[in-house]
Peer 1: 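Provided herewith is a single structure, encoded as structure tokens, for subsequent inquiry.
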Amino acid sequence: MIETSGIVTGFHIKEQCIDYICGKEIIKIDKYSQSIICKKTIFEKEGFSRKLLADDGHIYIYDFCTLLILDQKNFDLLGKWQLGNDLRSDICGMAIDHDTIYCSIRNGKIVTLDRQSYLIKEFPVSESSMWSMKVYDPYLICGTVDGELLLLNKSTLSIEKKLILGKKNIGSLYLGKETLYAAGHDGKLFKINMKSFEIEASIKNAHRKMFVCAGIYQDLLVTVSFPCQEIALWNANTLEKIRGLDVPLKLSGCTHIENNFMYISSRNLSGIKRIPLDEQSLPAELMLLFTP
């Protein structure tokens, strides 16, 4: 357990350091000693809806309608943009590539920010909000609240292909090479071939409530349902459930898989928990929680 003074709403792990948001602050600590390397107050109030991404020495945070860019080394503020004004125009999701930051705005619009010129452009894309976004060069993949999966041309942000995955929000995507995993709020889990943009496998009732695709561990897909307080490991090829783990979680959180561990934060944790994914390395009390 990495102890903090409060709930961690977003974090990023790079080599020996963890950058995380806690309360009004962003903090950098040594992953092993937990000593603080850098700390800075960047928010006026505490909040639970902030999300964090990092790439090429920069940190990107969206907080309601505001996008911030920080220097990852010292947390100096490099830019701040107000992309919306209220609950009808807040930021729902974000993705980044070498040139551009993509922010999905509620009710189907995408705002792009050029990383060099900081030029902002707006594109109407869908009639529903998009909570999940991934870059798949030269495309952008988006899951919509209406249950659609969209393949967008990055240069025009026009829809090139569309998959109907259900009637509820496709709230989480994980992209691994040429395979995409998608989680629906109706409990469905999908494996999608990106070359053909077709469904290869799917299952119902992966979790009883909303869940996220956390990533790949060895040859297993890891999913987490915060409201169900459970983690599941699936055969990444067939989506056969291999095992499950009950862990006290709440509402929502953030995950990162590294080596044999998953780092996870949640609304009920003061800090970041490190959970072993290797069944052989689990302590006895956690081993008992595994179910076939």
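No experiment lies behind these values; they were computed from the predicted model shown.
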Peer 1: Can you name the nearest heavy-atom pair linking Ala214 to Met262, along with the distance?
Peer 2: CB-SD, 4.0 Å
Peer 1: To the nearest 0.5 Å, what is the distance between CZ (Arg88) and CG (Asn107)?
Peer 2: 9.0 Å
Peer 1: About how many Å separate CG of Leu151 and CG of Leu149, when rounded to the nearest 0.5 Å?
Peer 2: 8.0 Å
Peer 1: Is Leu113 reachable from Leu78 through a run of I, L, V, M, F, W or Y residues, each pair having side-chain heavy atoms under 4.5 Å apart?
Peer 2: yes
Peer 1: Verify the cluster assignment for Ile27 and Ile59: are they in a single hydrophobic cluster under the rule of side-chain heavy atoms below 4.5 Å apart?
Peer 2: no
Peer 1: Is any side-chain heavy atom of Leu53 closer than 4.5 Å to one of Ile61?
Peer 2: no
Peer 1: So do the side chains of Ile120 and Asp114 get within less than 4.5 Å of each other, counting heavy atoms only?
Peer 2: no
Peer 1: I need the Ile275 CD1 to Ile264 CD1 distance, nearest 0.5 Å.
Peer 2: 5.0 Å
Peer 1: Would Ile272 and Leu52 show up in the same hydrophobic cluster when neighbours are defined by side-chain heavy atoms closer than 4.5 Å?
Peer 2: no
Peer 1: How about Leu150 and Thr144: do any of their side-chain heavy atoms sit closer than 4.5 Å?
Peer 2: yes
Peer 1: Main chain of Met210, side chain of Ser225: is a donor-acceptor contact present, judged purely on distance under 3.5 Å?
Peer 2: yes
Peer 1: To the closest 0.5 Å, what do you measure between CD (Glu127) and NZ (Lys109)?
Peer 2: 15.0 Å
Peer 1: Dump the intermediate steps for side-chain contact (heavy atoms from CB on, under 4.5 Å) on Ile42 and Leu70, then the final yes or no.
Peer 2: CA-CA 10 Å; Ile42 59 171; Leu70 310 177; 3.9 Å; yes
Peer 1: Identify whether Ile91 and Ile21 are in the same connected component of the hydrophobic contact network (ILVMFWY, side-chain heavy atoms under 4.5 Å).
Peer 2: no
Peer 1: Taking C-beta and beyond as the side chain, do Val224 and Phe211 meet within less than 4.5 Å on heavy atoms?
Peer 2: no
Peer 1: Could you tell me which residues satisfy side chain to side chain contact (heavy atoms under 4.5 Å, CB included) with Ala232, sequence neighbours excluded, listed by chain and number?
Peer 2: His207, Thr223, Trp234, Lys241
Peer 1: Tell me the closest heavy-atom pair linking Cys17 and Ile37, and the distance in Å.
Peer 2: SG-CD1, 3.6 Å
Peer 1: For a 4.5 angstrom cut-off between non-hydrogen side-chain atoms, does Tyr60 reach Met94?
Peer 2: yes
Peer 1: Looking only at atom types and distance, does a side-chain atom of Gln82 sit under 3.5 Å from a main-chain N or O of Gly84, one as donor and one as acceptor?
Peer 2: yes
Peer 1: Where do Val135 and Asp137 come nearest, in terms of heavy atoms and distance?
Peer 2: CG1-OD1, 3.6 Å
Peer 1: Are more than 12 heavy atoms, taken from residues, nucleotides or ligands other than Phe123, located less than 6.0 Å from that residue's CZ atom?
Peer 2: yes
Peer 1: I'd like to know if Ile203 and Ile242 are part of one continuous hydrophobic network [Ile/Leu/Val/Met/Phe/Trp/Tyr, side-chain heavy atoms within less than 4.5 Å].
Peer 2: no
Peer 1: Identify the heavy atoms of Ile110 and Cys142 that sit nearest to each other, and give their distance.
Peer 2: CD1-SG, 4.2 Å
Peer 1: Assign the ring pair His256 / Phe11 to parallel, tilted or perpendicular, where the plane angle (0 to 90°) is split at 30° and 60°.
Peer 2: perpendicular
Peer 1: Keeping Lys51 on the side-chain end and Gly93 on the backbone end, is there a donor-acceptor pair under 3.5 Å?
Peer 2: no
Peer 1: Taking atom CD of Glu200 and atom CG of Leu180, what is their separation to the nearest 0.5 Å?
Peer 2: 11.0 Å
Peer 1: Return yes if some donor-acceptor pair links the side-chain N/O of Arg106 with the main-chain N/O of Cys92 below 3.5 Å, else return no.
Peer 2: no
Peer 1: Run the salt-bridge test on Lys14 and Asp19 with the 4.0 Å N-O cut-off and return the result as yes or no.
Peer 2: no
Peer 1: Is the closest side-chain heavy-atom distance between Asp90 and Phe64 below 4.5 Å?
Peer 2: yes
Peer 1: Do Ser104 side-chain atoms and Met130 backbone N/O form a donor-acceptor pair below 3.5 Å?
Peer 2: yes
Peer 1: Testing the basics here: between Lys177 and Leu175, what is the closest heavy-atom pair and its distance to 0.1 Å?
Peer 2: O-CD1, 3.9 Å
Peer 1: Would you sort out whether Leu269 and Ile7 count as a side-chain contact (heavy atoms from CB on, under 4.5 Å), showing the intermediate values?
Peer 2: CA-CA 6 Å; Leu269 299 176; Ile7 297 169; over 6 Å; no
Peer 1: Closer than 4.0 angstrom, basic N to acidic O: yes or no for Arg115 and Asp97?
Peer 2: no
Peer 1: Are side-chain N/O atoms of Tyr217 and Glu258 paired as donor and acceptor at under 3.5 Å?
Peer 2: no
Peer 1: Is Lys168 close to Lys188 at the side-chain level, that is, under 4.5 Å between some pair of heavy atoms?
Peer 2: no
Peer 1: In Å, rounded to the nearest 0.5 Å, how long is the span from CD1 of Ile29 to CD1 of Ile18?
Peer 2: 4.5 Å
Peer 1: Looking only at heavy atoms, what is the nearest atom pair of Ile216 and Leu221, with distance?
Peer 2: CD1-CA, 3.9 Å
Peer 1: Distance-only, no hydrogens or angles: does the Asn193 side chain make a donor-acceptor pair with backbone N or O of Lys195 under 3.5 Å?
Peer 2: yes
Peer 1: Indicate yes or no: does Lys204 engage Asp186 in a salt bridge with an N to O separation below 4.0 Å.
Peer 2: no
Peer 1: With heavy-atom distances below 4.5 Å as the criterion, would you say the side chains of Met133 and Tyr102 are in contact?
Peer 2: yes
Peer 1: Please test Asp99 against Gln116 for side chain to side chain donor-acceptor pair (under 3.5 Å), starting from the C-alpha separation and ending with a verdict.
Peer 2: CA-CA 7 Å; Asp99 301 310; Gln116 301 299 321; over 6 Å; no
Peer 1: Side chains of Ser89 and Asp86: donor-acceptor distance under 3.5 Å anywhere?
Peer 2: yes
Peer 1: Can a donor-acceptor pair be found between the side chains of Lys191 and Asn237 at a distance below 3.5 Å?
Peer 2: yes
Peer 1: Any chance the side chains of Asn268 and Ser266 put a donor and an acceptor closer than 3.5 Å?
Peer 2: yes
Peer 1: Checking Leu67 against Cys103 for the side-chain contact (heavy atoms from CB on, under 4.5 Å) test, could you report, in this order, the C-alpha distance in whole Å, the side-chain angles of both residues, the deciding distance, and whether it holds?
Peer 2: CA-CA 9 Å; Leu67 171 67; Cys103 293; 4.1 Å; yes
Peer 1: Is a donor on one side and an acceptor on the other found under 3.5 Å between the side chain of Ser132 and the backbone of Ile170?
Peer 2: yes
Peer 1: Do Arg50 and Tyr62 meet the cation-pi criteria used here (NZ or CZ under 6.0 Å from the six-membered ring centre, within 45° of the axis)?
Peer 2: no
Peer 1: Could you check whether atom NZ of Lys167 has more than 12 heavy atoms from other residues, nucleotides or ligands sitting under 6.0 Å from it?
Peer 2: no
Peer 1: Could you walk me through whether His185 and Lys209 pass the side-chain contact (heavy atoms from CB on, under 4.5 Å) check?
Peer 2: CA-CA 7 Å; His185 280 194; Lys209 298 180 181 179; over 6 Å; no
